[in-house]
There are 2 protein chains.
Amino acid sequence: MTSHQTRTRTLVEWALSLSYDTLPADVINRTKDFFVDTLACAVAGRDHIAVTAMLEYAKTMGPADGKCEVIGFSDVRTSPAFAALVNGASAHVVEQDDLHNSSVMHPATIIYPTALAVAQDVGASGKEFITACVVGYEFACRAGEYLGKAHYEKFHTTATTGVLGAAATTAYLLRLNADQFVSAIGTAGTQAAGLWQFLLDATHSKQVHTGQACATGVFSAYTSASGLLGTADILEGSRGMGAALGNLDPTPSAIDGDLGKKWSVLESSFKWHASCRHTHPSADALLALLKEDGVKYTDIASITAYTYKAAIDVLGLSGEGKTVHQSKFSMGFVLAVAAKKGSAGLMDFTEADLVDPELRELQGKVNMVLDDDINKEFPARWLGRVVVETKDGRTLTRSVDVVKGDPGWTLTREEIESKALALAKYGHVQDIPAFKDAVQRIWNLESQDKIEKYSFA
Amino acid sequence: MTSHQTRTRTLVEWALSLSYDTLPADVINRTKDFFVDTLACAVAGRDHIAVTAMLEYAKTMGPADGKCEVIGFSDVRTSPAFAALVNGASAHVVEQDDLHNSSVMHPATIIYPTALAVAQDVGASGKEFITACVVGYEFACRAGEYLGKAHYEKFHTTATTGVLGAAATTAYLLRLNADQFVSAIGTAGTQAAGLWQFLLDATHSKQVHTGQACATGVFSAYTSASGLLGTADILEGSRGMGAALGNLDPTPSAIDGDLGKKWSVLESSFKWHASCRHTHPSADALLALLKEDGVKYTDIASITAYTYKAAIDVLGLSGEGKTVHQSKFSMGFVLAVAAKKGSAGLMDFTEADLVDPELRELQGKVNMVLDDDINKEFPARWLGRVVVETKDGRTLTRSVDVVKGDPGWTLTREEIESKALALAKYGHVQDIPAFKDAVQRIWNLESQDKIEKYSFA
């Protein structure tokens, strides 16, 4: 393997120079915030068939007595690859995990499951865990920024660059040297995968992508530790990700620009609504409009949601939304839910709602329209504007440029705890005090010598 | 999931209609031939660092007491996912496994490791094993034909369509119903991955691709059996493999044309030379020319190898060939070896050869040139022509259109056994009689109620 100074290698060397003591306080705090958020997402998703199928797989293929937990299944102990697999799936399935705008990917559902699994395997401390997550965010998000929106048109970036984040998190926790770390990134990137076809028929590939990105990242770093060589320049090489995965106009400086000045974890957003993040600007605009202008959902004649191309591309695949999960990818259905219920939270999307004639009628009144100005800003900014026509002839407009949960309007710890508790209840957690205790332990993560078990019944 | 009659579903339903008794005798025999060939390739590759790193991973992440063997490691018993992973890597690393022309992929290194692992897990019979392999070949090769050479420019097709073959082989052995089988194909295809960047720096991704294609195929079928849904039209869907993986002009009829009339396993070639298959037409032409025209390697002033674009694209990445594996991807080095040694077999590529000044000098006299007529025929036919200029001023030309090992010039059972034995010796098999016995058991595979262990020390 060459030790040619690629941008990937620069990023690796910077990552290896990091330690907990070098991290800014807000980076540390936000890293813990998203850990709480992710743990709660995983519990909320634990009973989904995509998750239980992968758990069954873990039991069939893995050991029965591993060191790693599967969140929400306190009787299961498996190896890091399988723990990362199942937790990476469960943390993503209720669509409440975080979103990093400029990379168009969801880092938390990849980074935390991987870090938890590997930390429990190697006996890492809370400080090492936090640093490894910060490292993972940088690889996943910077690679997503590098590949850009042309890549996202064809590939599920959360998986394709998530696998680099998972490999980096693992590499950091395994204390790989720079050559091994670069190898791990190469091995991960050559396995980058994830297509959008599943959106068309409401199947479970979204969770497969996240779970497998975690497991493949783990694979890449552990095998690098054993001497397997990965290619040195998987991002920028002439046959690498930038060249092959889409018709790209990649942004090389994203890989190693502003190291230590911009932090991906600080740029990531909490999801407040429980739907695809592409619906949030429109949902927020609509909720504000209805409230401030005193419009009831029964007054609405039509809703036009002005948005960017990627939203139309992705949301346009989901049709009317046949399942609860798919309905969260229908702009019409999400805006109908928001209008009728006044919110679009986890409890607002149910099987019963799928057959509610009022919601389906309202959904039919929603149109998405491409707006050039909004599109130009994407993915740096995720903007939205809605125009509502009322049955009595009024035309009302509202725009948003920051949605609740964004870095510019982030959640307080009270709001994070409240969201987490709602997720835990959605996941039928019986022992709520134990869940609350787990959250408190995360707030004090840096004081722990070893990452202990978080699972609860 | 929709039960819409896609071509994928047609292929699935046809596969489920197959049984051993419906297979033509030549299909059965060739399937056993390639099993012997693959078993021997795996033994030959067992000590490569890429393989031992993955074996280490299997031990760390998998169970210690599984039902499945790792070929050449008689003390290891693991679960099917890990057995398929390691055997899928070892069977590919010495570059002696089979090649299916029109799909531009190596099916055997995917299909047999997967079939062996799953058959040992479920206790399948020899007849079921054979049929499952035939099924796997059809999925892997037909998908490769569908995606075509534009896909191959960016992706390692052995992995990207191999994963479909692995999923199909597993699905057949698990006796999935049609809906589950279609799901398995969808889950496998959305994870299709494998880039060429590793060729540039002689790293180990080629073996990662094949091993992981096996493991991911296993994952896809086992999770489908547990209820995980994969998308119904991953090949032809608007966001599927044909649309996203390259700038393609796919051939839909390849997916379900001539079912039961053409058999992929009969279209596949044995590798006689131990180098990248793209070098074989030129190597055969050169060997014939030198022999028939009485030219010695020391007489050569220059060699021009006229070939197709894909050969230039792939072989052009390997530079001079820094490692034994990479040297097999240098047209110049392979032709130099063939010219000097009179053959380009497994024993003809060594560490010592990498520093042989005669070989390096001769390598420098070789040029590859694109030939439009040859390129037009690719990948249906892999043709080659060499022009040799001698130091005494002669210009000699030789073309080949069928190389040794191709379906039109296939190996006899004696030649297969002889090649297998050479591979076993290369892999330092101590108990040669036990290896020979394993080969005999494969010749009688259909008589076995259960696939037993093949490993030997």
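First the proteins, then the strands, lettered A, B, ... as listed; each starts at 1.
For the side-chain contact (heavy atoms from CB on, under 4.5 Å) test with T114(B), the passing option among T170(B), L173(B), V163(B) is T170(B); the others fail.
Scored by the salt bridge (charged side-chain N to carboxylate O under 4.0 Å, His left out) test, K309(A) finds E153(A), D313(A) as partners (sequence neighbours excluded). With sequence neighbours excluded, the residues forming a salt bridge (charged side-chain N to carboxylate O under 4.0 Å, His left out) with K206(B) are E95(B), listed by chain and number.
For the set M241(B), H204(B), Q191(B), the count of heavy-atom pairs under 4.5 angstrom toward chain A peaks at H204(B). Per-residue heavy-atom pair counts under 4.5 Å with chain A were compared for D233(B), T187(B), T60(B), and the maximum is reached by D233(B). Heavy-atom pairs under 4.5 Å with chain A were tallied for F155(B), F82(B), Y57(B); the largest tally goes to Y57(B). Annotation: maximal heavy-atom pairing with chain A below 4.5 Å, among L317(B), T216(B), T323(B), occurs at L317(B).
Of the two parts of V218(B), the backbone and the side chain both hold a non-hydrogen atom closer than 4.5 Å to a non-hydrogen atom of chain A. For E56(B), the part lying near chain A is the side chain, with the backbone staying farther off; criterion is any non-hydrogen pair under 4.5 Å. Contacts of H48(B) with chain A are absent, with no heavy-atom separation under 4.5 Å from either backbone or side chain. Neither the backbone nor the side chain of A64(B) comes within less than 4.5 Å of any heavy atom of chain A. With a threshold of 4.5 angstrom between heavy atoms, I234(B) approaches chain A through its backbone and through its side chain. Only the backbone of A243(B) comes within contact range of chain A, with heavy atoms under 4.5 Å apart. For a residue to count as touching a neighbouring chain, one of its non-hydrogen atoms must lie under 4.5 Å from one of that chain's; by this rule S238(A) touches chain B with backbone and side chain alike. Proximity to chain A is limited to the backbone of A192(B), based on heavy atoms less than 4.5 angstrom apart. Only the backbone of A215(A) comes within contact range of chain B, judged by heavy atoms closer than 4.5 Å. At a 4.5 Å heavy-atom cutoff, T52(B) makes no contact with chain A through either its backbone or its side chain. Of the atoms belonging to F219(B), heavy atoms from both backbone and side chain fall under 4.5 Å from chain A.
Counting only distance, with no hydrogens or angles, the side chain of Y146(A) and the backbone of L235(A) share a donor-acceptor pair below 3.5 Å.
Checked by atom type, the side-chain pair T160(B)/H151(B) shows a donor-acceptor distance below 3.5 Å.
Side-chain rings of H209(B) and F198(B) approach one another, their centers coming within less than 6.0 Å.
Taking all atoms of both residues into account, the shortest heavy-atom contact from A117(A) to P80(A) is CB-O, 3.5 Å.
By the 4.0 Å N-to-carboxylate-O rule, R77(B) lies too far from E69(B) to be salt-bridged with it. Using a 4.0 Å cut-off between a side-chain N of Lys or Arg and a carboxylate O of Asp or Glu, D179(B) and R9(B) qualify as a salt bridge.
Ring geometry for W196(B) against H156(B) counts as tilted: the plane angle lies between 30° and 60°, on a 0 to 90° scale.
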